[in-house]
Amino acid sequence: MSRELEKALETLAKSKQEGHHQFIQLFEQWNKKFDGQIKEIEKINGQFLKEIEGNLDYMNRWFAKKEKQFAQLFRLFG
């Protein structure tokens, strides 16, 4: 009986170890995919910032002009 119990415990321990190993592998795969996605997002974000960087000065001037126009409207009609 004790030999059967010993075999059952060894099987259980081996099963837990294999399950743990599978979990670690899945987690590492997920981590690699996640890192790849983060890098892709950073790349896209960098490209977006480069594209708008040249337009920032123009946008700032445009908003400043609109602020002055609204300020004049409020002074005249407010």
Same apolar cluster: W62 and L56, side chain cutoff 4.5 Å: yes
Looking at [atom1] of [X] and [atom2] of [Y], how far apart are the two atoms once the value is rounded to the nearest 0.5 Å?
X   : Y   : atom1 : atom2 : result
L49 : I44 : CG    : CD1   : 12.0 Å
I38 : N45 : CD1   : CG    : 11.0 Å
Q72 : F77 : CD    : CZ    : 10.5 Å
L73 : K66 : CG    : NZ    : 10.0 Å
Q25 : Q22 : CD    : CD    : 7.0 Å
E18 : K16 : CD    : NZ    : 13.5 Å

Derivation and outcome, salt bridge (charged side-chain N to carboxylate O under 4.0 Å, His left out), residues E6 and R3: CA-CA 5 Å; E6 188 178 319; R3 183 68 186 143; 2.9 Å; yes
Flag side-chain contact, heavy atom, 4.5 Å: F23 against L26: no
Test item: T11 side-chain N/O and K7 main-chain N/O as donor-acceptor pair under 3.5 Å: yes
Sub-6.0 Å ring centroid separation between W30 and F34: yes
Between K32 and Q29, a side-chain donor and acceptor under 3.5 Å: no
Short side-chain donor-acceptor distance under 3.5 Å, Q17 and H21: no
D35/K39 under salt bridge (charged side-chain N to carboxylate O under 4.0 Å, His left out): CA gap, chis, key distance, verdict: CA-CA 6 Å; D35 285 345; K39 288 178 183 177; over 6 Å; no
Enclosure of E53 CD (heavy-atom neighbours >12, cutoff 6.0 Å): no
